[in-house]
There are 2 protein chains.
Amino acid sequence: MHRVRVQVVEHILDANDTIAEANRLDFDANGVTAVNLMSAPGAGKTSLLERVLGGLDGIRAGVLEGDVQGSLDAERLATLHIPVTQIETGKGFGGECHLDANMVRLALQQVPLEELDLLVIENIGNLVCPAEFRVGEHHRVMVCSVAEGEDKPLKYPLMFRACELVLVNKIDLLPHLDYDLARFLLNLDTVHPGVERLLVSARTGEGVEAWRDWLTRAASPEAVLA
Amino acid sequence: MHRVRVQVVEHILDANDTIAEANRLDFDANGVTAVNLMSAPGAGKTSLLERVLGGLDGIRAGVLEGDVQGSLDAERLATLHIPVTQIETGKGFGGECHLDANMVRLALQQVPLEELDLLVIENIGNLVCPAEFRVGEHHRVMVCSVAEGEDKPLKYPLMFRACELVLVNKIDLLPHLDYDLARFLLNLDTVHPGVERLLVSARTGEGVEAWRDWLTRAASPEAVLA
């Protein structure tokens, strides 16, 4: 008789997590910081990227642009003369409402990682499913527009909990809305106490400097090594 | 020898469509008009319902309220003293980003259909998946806020094509946005030529009368029989 040795696999990763880990290894091997940028439709992800990606001091930035259909946002960002790669989930991915690790894996074949310090992965506009799928990113950032109302953290808590930075966008509209910013921040702290937040306006440029600084810090070589 | 008669089933319904049809039969048996109301998060579905459901002349209205988590919107609508039933997709439905026919079927057990003329099914805030799942509704209406930008019909064409009425909400913000309404309407007509649209503001009440009239017509006994 011989003893059977039972190997206990403690962390069983599902397929998405396994592929996300492969993406992460590729990012790390190339010294690239990957940021997964999420929001509801029309919250201002692309506008906030247009504001900063052209002027990051010493940081070579690129974008992986997720959309259900079309390449409108990719075309806007390409005018910044940075590498932009489009993923259309409506073509070959069943019109998925989020990016997953495998879509990013396939798209990475066309991303010149060796030429980048920072890759922003702009997710599909959706407050539900994108929060459930890691794609290998180092950081998760979300944009929430003040036009969406104060209750969003309570209604979509997984998304607000998944992020380490919340960009509260369109604050130039505050004088024209029945929106209680203090209540929003209270709701935010209820679901994710103390999460970092920046008040910004892609339209007027208010707060954009702090957003640029955040990205620059995240993508600095010291941050990647840490 | 005998001939085998091959029956050709022309319309094979999937499970969702089969259940949607059962819901539809229940609506029809009770003379209830069902409206599936969809939008991105924070576009103003609940606010636009608050504006009209309390004052529909001779129409007994109820709401089936879909959310991932919480019952904030249901509580707002319950103050109108109409029957409101909550579906939380985060409880028992895996946090789904849309309502499907089966969720509605289960919730209908708690909806007093025999006491209603109109049931509004307020879907999860999402511009992708809700358009893919019929729930037995007679009409599909969507809300699109001008704060979301002009490009949304081009980016989420399935949603804009699925609807027979588009409520263009928050038009009180137009003076404060870089938003080209004519361009939005052109984009809308590109993906769904001639679709009915109403310009409204839940905040100021502008256009709300036309929205109330639309619902009243949709829920009138003649409309149900037609």
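Every chain is numbered from 1 and lettered A, B, ... according to where its sequence line falls, protein lines coming before strand lines.
Interface residue Pro41(A): backbone and side-chain heavy atoms are both found under 4.5 Å from chain B. Residue Asp178(B) touches chain A through both its backbone and its side chain, counting heavy-atom pairs closer than 4.5 Å. Both the backbone and the side chain of Lys155(A) come within less than 4.5 Å of a heavy atom in chain B. Using a 4.5 Å cut-off between heavy atoms, Leu177(B) contacts chain A through both its backbone and its side chain. Proximity to chain A is limited to the side chain of Glu132(B), based on heavy atoms less than 4.5 angstrom apart. Both the backbone and the side chain of Leu154(A) come within contact range of chain B, with heavy atoms under 4.5 Å apart.
At least one side-chain heavy atom of Asp151(A) sits under 4.5 Å from a side-chain heavy atom of Asp73(B).
One finds the SG atom of Cys97(B) at 11.0 Å from the CG atom of Leu127(A) (value rounded to the nearest 0.5 Å). Ser145(B) OG to Glu148(A) CD: the interatomic distance, rounded to the nearest 0.5 Å, is 8.5 Å.
Interface summary for chain A: among Ala147(B), Gly70(B), Gly95(B), the most heavy-atom pairs under 4.5 angstrom belong to Ala147(B). Note on Gly90(A), Gly42(A), Ala40(A): by heavy-atom pairs under 4.5 Å with chain B, the leading option is Gly42(A). Ranked by heavy-atom pairs under 4.5 Å with chain B, the first of Pro157(A), Pro175(A), Gly149(A) is Pro157(A).
When all heavy atoms of His176(A) and Arg203(B) are compared, the closest pair comes out as O-NH1, 2.7 Å.
The 12-atom threshold is not exceeded at CD of Glu206(A), counting heavy atoms of other residues, nucleotides or ligands nearer than 6.0 Å.
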